[in-house]
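Accompanying notes for the structure given below.
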Amino acid sequence: MTDKKPLIEISKLVKKFGSFTALNGVSLNVYPGEVHALLGDNGAGKSTLIKVLSGVHSATDGAIKVDGEEVHFNSPREASDAGIGTVYQDLALNALTSVTRNFFLGREIKKGPGALGIMQMNEMNEITIREMKKIGINIANPEQPVGTMSGGQRQTLAIARAIYFGAKILILDEPTSALGQKQQMEVLKTVKRVKNLGNIAIILITHNEIHARLVADRFTFLSLGEVIGSGLSSELGGDDVKRLMAGGADIGDLAKELENVT
Amino acid sequence: MSSKSLNQPRKESDRHDAKKWYSAILARPEVGPVGVMLLLFGMLGYFSIPAGEFSLNPFSGEGFNALAIRNNLRVISQLGIVAIGAGLLIISGEFDLSIGSMIGFAGGVMAMILRWGFAVVIPYVSFEGGLHIETYTLFKITDVSPLLAICITLCFTLFFGWLQGFIIVKTGLASFIVTLGGLFFLRGLTEVCYRAFNKKPDQTAGSTTVTEIPDIKNIVNIPGHGELERDVAKNLPQEELLDLLKTVPEATILKLTEKLTHINEKVAASKTLLLKSKGVKGLEKALENATASGNEGMIAILQDKIANFKIEPATAKAVSDVDLAKAYIDTIHSARPVANFFGGDIMEPLFNWLYFTVDWNVNNYGNQFADGLYSCLMIWFLLALICYVLLSQTQAGNWIYSTGGNLNAAKANGVPTNKVKISLFMFSAFCATMFAACQVFETNTADTAKGNLKELEAIAAAVIGGVVLTGGFGTVVGIIVGAAIFGIAKEAFFYIPGVDGSFYRVFLGIVLLASALTNENIRKRVIGSA
Ligand SMILES: Nc1ncnc2c1ncn2[C@@H]1O[C@H](COP(=O)(O)OP(=O)(O)OP(=O)(O)O)[C@@H](O)[C@H]1O
Ligand SMILES: [Mg+2]
C-alpha cells in the first residue's frame with residue numbers, strides 16, 4: 001500500500017485566525033482507495049484543516065499538493081474543480097428544496113444563457129436517482145424536500161453529490177455524529193462502498209473510535225493544532241488510539257482525574 | 001408476520017402513503033392565500049350589489065363594474081410590481097425597506113428630467129467676486145424622450161440598489177438597518193431635489209411636486225399640424241378639424257359614423273330610461289301621500305297613471321363632422337409608444353367589444369364605462385411571468401432559494417451568494433422604478449410623498465402570499481395572490497353595510513399574522529422539525 005502515490009500531500013500547514021493559531025504545521029498524506037481517519041478532541045483543528053483543504057479558508061503557510069502538483073485554492077469552487085469534494089458537518093444542504101435541486105446546487109444542468117438558463121429537471125432527477133442508488137440508497141421521489149429525508153439519507157446524498165461531480169478526494173466531517181445506530185451503519189457502509197471504488201481517497205473525521213477502526217486504513221491524531229501521532233490501522237493498538245484521541249494523555253491519568261471528581 | 005413482507009422486502013417507496021389526486025393541490029403553500037382571495041372577491045361581489053336587488057351575478061354590482069375592475073386592478077398591480085421585487089429578495093434572505101422611498105425618488109427624478117431636462121454639471125469653488133460655488137455644465141439635454149428618462153432614472157435607482165446590497169454583503173450588517181437608512185436617505189434626497197428645482201426666482205423654497213408635464217402618452221401626430229396632445233388636437237378650431245377629416249379614408253369614416261351612431265343611440269336610450277324612472281318616482285311619491293291621507297279617488301288615478309306611464313323616447317343626437325374628427329383623433333396611435341407602454345391603457349379592443357357587442361361596460365348615461373385597463377397591469381403580468389420562470393425553472397432560481405434557505409450550504413457549493421443578493425437588491429430597485437414610471441406617465445405629475453409605506457405593504461403582501469421572512473421559502477404565484485388580497489381587501493370592506501371601511505386594516509393585520517404562522521408551520525414541516 002505504501003508504494004502507492006498519495007493523492008493529496010499536506011505539508012507543514014499553518015492556519016492563523018488573527019493571533020490564534022488553529023493549525024500549527026500539520027502534515028499528512030492520503031492515498032487512493034484508502035480511508036484516512038482524522039481524529040482529535042474538540043477544537044483540535046480538524047474542521048479548520050479540511051476547510052483549508054476545501055478552499056473555504058486559505059492557508060497562512062505550508063503547502064498542499066494534489067496529484068503531485070502544488071495548489072492554492074481561493075474558493076470552494078476551485079477546490080472542487082481540483083477534485084476535492086467536501087461533505088461538511090452541516091452537509092451543505094438546503095433542507096427547504098428538493099433532493100435534485102440540492103444534488104445539483106451550484107452545478108445545475110441548464111440550457112440557456114448564464115444563470116438564466118432553464119434547468120433540465122427531468123435529466124437532473126434521473127441522474128440523482130441513479131447516483132444515489134450506486135452507493136446504496138433508493139429514493140422514491142427526487143422532488144421531495146431534503147428536510148423530509150433521514151440523517152443517513154442526507155449523508156448519502158451529500159456523498160453521492162461529491163463523487164458525481166468528480167471528487168477524487170472525499171472529505172467527510174463527522175458523518176456519523178447526530179445519527180442513530182442504524183443510520184450510522186448505513187453511512188459506514190456507504191463509506192466502504194466508496195472506498196471499494198478504489199480510486200477515491202477518503203478523509204474521515206470522527207470522534208468515534210469504533211467507527212474509525214471499522215473502516216479506516218490510516219490514522220492521524222490532532223491536538224491543539226498539531227499532529228501528535230499517526231500510523232496504519234494495523235500498527236495501532238486500541239490503547240494508543242484512546243490515548244491519542246484524548247489529546248495524548250494516558251488513559252490511566254484520565255482514570256485518576258475522574259476519580260478525583262467528587 | 002404477513003406473507004407479503006416475506007416475499008417482497010419492504011422498499012423505501014412503500015413508506016409513502018399513496019397520494020390522493022387532490023392532496024398535491026392541498027399541500028401547496030398557496031392554497032390558504034387563494035382561499036382568502038376568493039373569499040374577498042366573493043365579498044366584494046356580494047356586498048356591492050345594491051340593497052334590495054337580488055343577483056347571483058357578482059358583475060352586476062358596483063364592485064365589479066368595468067370602472068371598478070379598472071381601478072382595483074391598478075391598485076393590485078401597482079402593489080404587485082413592488083411585491084415581486086420585495087418577495088424575491090425575502091426569499092433570498094434579505095429585505096428592503098427603501099422600496100417606498102425608491103418609488104418617490106424614481107418618480108421625482110423621472111418627472112424632473114421630463115420637465116426640465118437632464119444635465120451633468122461639475123461644481124467648483126470660484127473666488128472671483130467673493131468666494132462662491134460656480135458650476136460648469138458638461139452637457140445638457142433639454143428635450144428628453146420617455147425612454148431616455150426611464151434609462152437615466154434606472155441608472156440612479158439601480159446604483160442605489162447595488163450600493164445597499166454591496167454594503168450589506170460586505171459589512172454583514174442587517175439589511176433592516178441598511179435599507180432603513182436608505183428609506184430616510186432617499187426620501188430626504190427626493191424632497192431636497194424637489195425644493196431645489198422648484199425654487200422660485202425670489203429664492204423662496206419651492207413646492208414638493210412636479211406638475212406641468214405634458215400628457216406625453218397622448219401626444220399624437222396630426223397630419224398638417226405635427227405632434228400635438230390629443231386634447232389640444234380635439235380643441236382645434238372647427239374648420240381645421242373638418243380639414244383633418246378630409247384626409248381620413250372613406251372606410252374609416254363609415255366605421256366611425258357607425259360607432260358614434262351606436263353610442264348616441266345608447267345615450268338616448270339611457271336618457272329615456274332615466275326620465276321615465278324619474279317620472280314614475282314622482283308619481284309614486286304622490287301615491288304615497290294619497291295613501292297616507294286616504295284619498296281613494298286620487299289613489300286610483302295615480303295607480304292608473306303609473307301603470308300607463310309613457311314618455312316620449314329621447315331622440316339620438318345626430319353625428320356631426322366635428323364629432324367624427326374628434327373620434328378620429330381618438331383612434332390615432334400615440335407618437336410616444338414608451339410613455340404609452342407605461343402610462344396608457346391596455347385591452348381597449350376587449351373593452352370596446354364589451355361595450356358595443358356585449359352591452360356591458362355601459363355607465364348610467366349610456367357611455368362607455370372604462371376604455372381599457374391601466375397598463376401597469378401588463379407590466380405586473382410581464383414581471384410576474386419572467387420571475388415565475390426565473391424562480392421555479394432557472395439556475396438563478398435555485399440559487400435564490402438556497403441563498404435564503406441555507407447560506408453556508410449555498411456558499412460551500414459555489415453559489416455566488418453575494419452576487420445573488422446584490423442582484424436582487426437591484427431588482428427590487430428596478431421594480432420600484434417600474435412602479436414610478438407607471439405612475440408618472442399615467443398621471444403626468446409626481447410628488448415627494450409617492451410610494452409612502454409601499455415597502456411595508458409589499459413585504460406584507462409577500463408574507464400573506466406564503467413567503468417566509470427568514471428566507472428560502474415562497475413562490476411567485478403566492479406573491480401575486482398576496483398582492484391581490486392586499487389590494488382587494490379595502491374595496492371589499494368598503495361595501496359591507498354598517499361596517500367602518502377601515503376594518504380592512506384590522507382584517508389585513510389578522511390575515512398577515514395568520515399567514516406568518518401558517519408559513520412558519522409549513523416551513524417547519526418541510527425541514528422535518530415539526
Ligand atoms: N473562523 C474562525 N475564526 C477564529 N477561530 C476559529 C475559526 N474557526 C475555528 N476557529 C478556532 O479554531 C479551533 C479549531 O476549531 P475546529 O473547528 O477546527 O475544531 P474541530 O477539531 O473541528 O472541533 P470539533 O471536534 O468540535 O468539530 C477552535 O478553537 C476554534 O474556536
Ligand atoms: Mg469540527
Exercise. Within a reach of under 6.0 Å around CD of E70(A), are more than 12 heavy atoms found that belong to other residues, nucleotides or ligands?
Worked result: yes
For this session: Below 4.5 Å from any heavy atom of chain B, which atoms of S75(A) appear? Answer side chain, backbone, both or neither.
Result: neither
Exercise. Where on L93(A) is there a heavy atom nearer than 4.5 Å to chain B: the side chain, the backbone, both, or neither?
Worked result: backbone
Exercise. Is there any residue in residues 182-193 of chain A with a non-hydrogen atom under 4.5 Å from a non-hydrogen atom of chain B, and which ones are they?
Worked result: none
For [X] against [Y], the heavy-atom pair lying closest together:
{"X": "L391(B)", "Y": "R101(A)", "answer": "O-NH2, 4.1 Å"}
{"X": "S402(B)", "Y": "N94(A)", "answer": "CA-ND2, 3.2 Å"}
{"X": "E108(A)", "Y": "Q395(B)", "answer": "OE1-NE2, 2.7 Å"}
{"X": "W399(B)", "Y": "A115(A)", "answer": "CZ3-CB, 3.8 Å"}

Exercise. Residues two or more places apart in sequence or in another chain: which of them pass salt bridge (Lys or Arg N to Asp or Glu O under 4.0 Å) with K168(A)?
Worked result: D67(A)
Problem set entry | Under 3.5 Å: donor-acceptor pair, side chain of N413(B), backbone of A92(A) | yes
Problem set entry | Interface moiety of V420(B) toward chain A, non-hydrogen atoms closer than 4.5 Å | neither
Exercise. Where do R523(B) and L96(A) land on the side-chain contact (heavy atoms from CB on, under 4.5 Å) test, with the steps shown first?
Worked result: CA-CA 7 Å; R523(B) 192 186 78 93; L96(A) 289 166; 3.5 Å; yes
